[in-house]
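First the structure, in the form of structure tokens, and then the observations on it.
Keep in mind that this is a model prediction, so the values were computed, not measured. Letters A, B, ... are given to chains in the order of the sequence lines, protein chains preceding strands, and every chain is numbered from 1.
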There are 2 protein chains.
Amino acid sequence: MTARDAQPPRIPDPDSPWRPVRERARSRELKRDAVILAAARAFKERGYHNTSLDDLAARLHVTKPTIYHYVENKEQILFECFRTGLDRIRAGFAAVERSAAPGRERLAVVVRSYAEAVASDFGWCMVRAENQDLSPAMSRRIKALKSEIDQGLRQLVTDGILDGSIRADCDPKMTAFALAGALNWIAHWHRPGESLTAAGIADLFLDLFENGLRPRS
Amino acid sequence: MTARDAQPPRIPDPDSPWRPVRERARSRELKRDAVILAAARAFKERGYHNTSLDDLAARLHVTKPTIYHYVENKEQILFECFRTGLDRIRAGFAAVERSAAPGRERLAVVVRSYAEAVASDFGWCMVRAENQDLSPAMSRRIKALKSEIDQGLRQLVTDGILDGSIRADCDPKMTAFALAGALNWIAHWHRPGESLTAAGIADLFLDLFENGLRPRS
DNA sequence: CATGCATTTTACTCGTTGGTATATCGTATA
DNA sequence: TATACGATATACCAACGAGTAAAATGCATG
């Protein structure tokens, strides 16, 4: 706890709807969303506990009480970051809900949108943030969402086994864990701009998971 | 920051070498290691920032200054947790260093020890702890260790491709990321005692990664 | 121009926690 | 038994950061 907290030079966020001087837009929703987004980025860079609300406010050209005008407390900000990210993944499941395609193909669609979500600004919160930093009530809601996603993956694997598109002796639970792990881990190493896009990563992962390492004779 | 910090009822740690009353053992090393281990467990349960040194001391039937008698500061405790876990993974690589086995088989050995390490008490620190909580110097050392592990995985994949034990059109970098992700993620969901052992998980993962989801005709 | 509401700021409180100065205790050795 | 030193405890400090009260500002409408 010495000089390290002063590292990042508190770069102003160009996406802030509060322009440094005048010209301020309205629309509560927009500003609230901007708070959440800026928070997600700040958390990603410095971590939840190393980001004070004063830091966050400064990035938005604003002071702390302004943030409290749009948000209950710091915990709620984290919760919204969680939720935003997780909802994107859930949207991927919804997209194949009524599809009649084989399980493995529906899984592929989900994996692609999953990768997009994890590589987004909210990826960090979804994956790295501790739900221990949330109150029991909030934590439960997040756990429910995460569990829903997990169950969704397992179901797709099971469907694939049943319709013959996935090898019968795959364990749905472990397969879902392996997939989720590989995908979630993207949040740790992916830097937007550098290397591959989320879609590119997803395609390579899919090839690996579908065909395996062993050369096909 | 309300009542949630009071949740876990501060269970005394039976492995503490300080017995509640008298009968205290010597051996600085042993006690220092006990501090690190208790810290790893506490961090895993409550997170780094939600674990105060007073909490940690209480678990060990001791007061805060005693901890400072064995350790520089809180950051160093986290660093040691990191290092202990990462060293176990590196030991797995060392075990196959001189092996003449094909790449895919050496990779399998590493994966098994990797899974053991991640499922251990130090798994949380390795995977979930933010290196942003470390000073730049410490952070650099951790990053170097992590990078070494990453390069090791890539090398094994490359070796496997060269010796024909791994499919030639695998991307070593992405394959390493997928493997590391699946393995690291174990730290998020695995609860020792429940479900599979680390070895069992590793075997299922290996089967999945080696043979893939697609039914082999 | 006056009124009222939403927005933002200034200036604070207060609990938590990492870290420390200093005293005390226990025990091995001379 | 006296001494010395390592180990542990008591009692503290200072900083930081979440959260708030209350004042000020902007802005739209009558």
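- Checked for salt-bridge contact, A:Lys146 and A:Asp150 miss the test: no charged N lies under 4.0 Å from a carboxylate O.
- Protein atom CG of A:Leu78 is 12 Å distant from nucleotide atom P of D:dA18, rounded to whole Å.
- Aromatic ring pairs are classed by plane angle as parallel below 30°, tilted from 30° to 60° and perpendicular above 60°; the pair A:Phe209 and B:Phe209 is tilted.
- Side-chain contact check for B:Ser139 and B:Gln132: no donor-acceptor pair (N or O, by modelled atom type) lies under 3.5 Å.
- Using a 4.5 Å heavy-atom cutoff, the side chains of B:Phe205 and B:Ile186 are in contact.
- Taking 3.5 Å as the limit, the base of D:dA9 and the side chain of B:Lys64 contain no donor-acceptor pair of atoms between them.
- Of the side-chain N and O atoms in B:His69, none sit less than 4.0 angstrom from OP1 or OP2 of D:dT8.
- Separating the CD atom of B:Glu29 from the P atom of D:dA7 is a distance of 11 Å, rounded to the nearest angstrom.
- Candidate nucleotides C:dT8, C:dG18, D:dT8 were compared by shortest atom distance to the side chain of B:Lys74, and C:dG18 ranks first.
- Among the atoms of the strands shown, base atoms are found under 4.0 Å from some heavy atom of A:Thr63.
- What separates CG of B:Asp54 from C1' of C:dG18 is a distance of 9 Å, to the nearest Å.
- Rounded to an integer number of Å, the gap from A:Asp55 CG to D:dC16 C1' is 11 Å.
- When the nucleotides D:dG19, D:dA9, D:dG17 are ranked by their closest atom to the side chain of A:Asn73, D:dG19 comes out on top.
- Whole-Å rounding puts the B:Leu56 CG to C:dT17 P distance at 13 Å.
- Between the CG atom of A:Leu53 and the P atom of C:dT8 there is a distance of 16 Å, rounded to whole Å.
- When distances run from any side-chain atom of A:Pro65 to the nucleotides D:dA9, C:dA11, C:dG19, the shortest one goes to C:dA11.
- Classification of B:Arg112 and B:Asp203 as a salt-bridged pair holds, one side-chain N sitting under 4.0 Å from a carboxylate O.
- Residue B:Asn50 contributes atom CG, which lies 15 Å from atom C1' of C:dG18 at whole-angstrom precision.
- Here the nucleotide nearest the side chain of B:Arg28, chosen from D:dA7, D:dT20, D:dA9, is D:dA7.
- Listed pair B:Lys31 / D:dT8 meets the phosphate criterion, a side-chain N or O lying under 4.0 Å from OP1 or OP2.
- Considering only side-chain N and O atoms, A:Tyr70 lies under 4.0 angstrom from the phosphate OP1 or OP2 of C:dT8.
- We find that CG of A:Leu60 is positioned 15 Å from C1' of C:dT7, with the value rounded to whole Å.
- You'll find that the side chain of A:Tyr68 is closest to D:dT20, out of C:dA21, C:dG18, D:dT20.
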